[in-house]
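Worksheet for the structure shown next.
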Amino acid sequence: MLQIEQFMCLSDNFGVLIHDPESGRTASVDAPEAAAIVDRLEAKGWTLTDIMTTHHHHDHVGGNLELKERFGCRITGPKGEADKIPGIDEAVGEGDVFSFGAFDFEVIETPGHTAGHIVYYSPKAGLLFAGDTLFSMGCGRLFERGAAEMWSGLSKLKALPAETMLYCGHEYTLANARFALSVDPDNQALQARSATVERLRSQGKPTLPMPLATEFKTNPFLRPDDPAIRAHLGMADASDEDVFAEIRKRKDNF
Ligand code: ZN
Ligand code: FE
C-alpha cells in the first residue's frame with residue numbers, strides 16, 4: 001500500500017510525497033519548493049529517491065536541483081519539454097511507464113497548459129497526479145497549446161475509472177467552484193460540492209484529493225457534453241471541443 005502525504009508549498013501549490021514501504025522508495029510529485037519538501041520528508045523519516053515532474057513551470061521544478069544535490073534522487077519528466085526540466089534523468093511520453101516499487105504509473109500526455117505536459121496514472125494504486133492539467137472543478141490555463149489539444153488530453157482523463165483519486169498542482173478549488181456555478185448553476189452536485197469547498201477553505205483545510213467521480217459530476221471542463229451547460233451557453237449543437245473552448249474562454253475572463 002502506498003503512503004501519501006499532501007501539504008502546501010509556496011502560496012497555493014500542493015506538495016505530494018508518495019512512499020512505498022516495501023521498496024523504501026519515496027517520490028515527490030513535482031518539486032515546488034525544496035525546503036517544504038525536506039521538512040515533510042524529515043517529519044516522516046523518508047529519503048527522497050525520485051521526482052515525478054509534470055511540466056516545466058518554475059513552481060513545479062524550482063526545487064529539482066537542490067533536492068537532487070541533497071538526495072541524489074532520480075528525476076523523471078516530460079519528453080516534450082525535457083530541455084526545460086532542471087536535472088532530468090529520464091524523459092517520458094505517452095505510453096511510457098514510471099515504475100515505482102510494485103506500482104506502475106502510466107504516462108499520459110496532456111498538452112495545453114504547456115506543450116509537453118504529462119500526468120501520471122496508476123491503475124493499481126488508483127491515483128492520478130494531474131499537475132496543472134486538471135484541477136478540482138477547473139483546468140489549467142492554455143499557455144502553450146490551444147483548446148483542441150487540451151480537450152483531447154482531458155478526454156483521456158475523463159475515460160479513467162471514476163474511483164481514481166485526483167491530486168493536482170494547486171489549491172484553486174474555491175475560485176473554480178464559483179466559476180463553475182456561473183456556467184452550470186442548476187447542477188445540484190456542483191452546488192453541494194461548492195458549499196463543502198466554501199466551508200473547507202474557511203477552515204483552512206485542503207479540498208483535495210477528490211475521486212474523479214466527483215469531477216465528472218461537477219467540473220465543467222469535463223462536461224462540455226452536458227445538455228444543461230450547452231443550453232446555458234446557447235451551444236446546443238456545437239462540438240464538445242467548441243463548448244470546452246468557450247468555457248475556457250469564459251474562465252479566463254471571469
Ligand atoms: Zn503550471
Ligand atoms: Fe503551477
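Counting starts at 1 for both ligands and their atoms, in listed order.
At a cut-off of 2.8 Å, Asp59 is not counted among the residues with an N, O or S atom near the Zn ion (ligand 1). At a cut-off of 2.8 Å, His60 does not coordinate the Zn ion (ligand 1) through any N, O or S atom. With 2.8 Å as the limit, His170 counts as an N, O or S neighbour of the Fe ion (ligand 2). Backbone or side-chain N, O or S atoms of His57 do not reach the Fe ion (ligand 2) at under 2.8 Å.
Residue Asp59 approaches the Fe ion (ligand 2) most closely through its N/O/S atom OD2. The atom of Asp132 that is an N, O or S and sits closest to the Zn ion (ligand 1) is OD2. Nearest N/O/S atom of Asp132 with respect to the Fe ion (ligand 2) is recorded as OD2. If you look at His57 and ask which of its N, O or S atoms sits nearest the Zn ion (ligand 1), the answer is ND1.
Classified by interplanar angle (parallel below 30°, tilted 30° to 60°, perpendicular above 60°), the ring pair Tyr172/Phe135 is perpendicular. Ring planes of His117 and His55: parallel class, angle under 30° (limits at 30 and 60°).
Heavy atoms only, all atoms of each residue included: Pro224 and Leu222 are closest at CD-C, 3.2 Å.
When only modelled atom types and interatomic distance are considered, Ser122 and Glu106 share no side-chain donor-acceptor pair under 3.5 Å. For the residue pair Thr26/His19, the side-chain donor-acceptor check at 3.5 Å is satisfied.
The side-chain hydrogen bond (donor to acceptor under 3.5 Å, both in side chains) test with Asp132 singles out one residue from His60, His57, Arg141, and that residue is His60.
When rounded to 10 degrees, the angle formed at the Zn ion (ligand 1) by NE2 (His113) and NE2 (His55) equals 100°.
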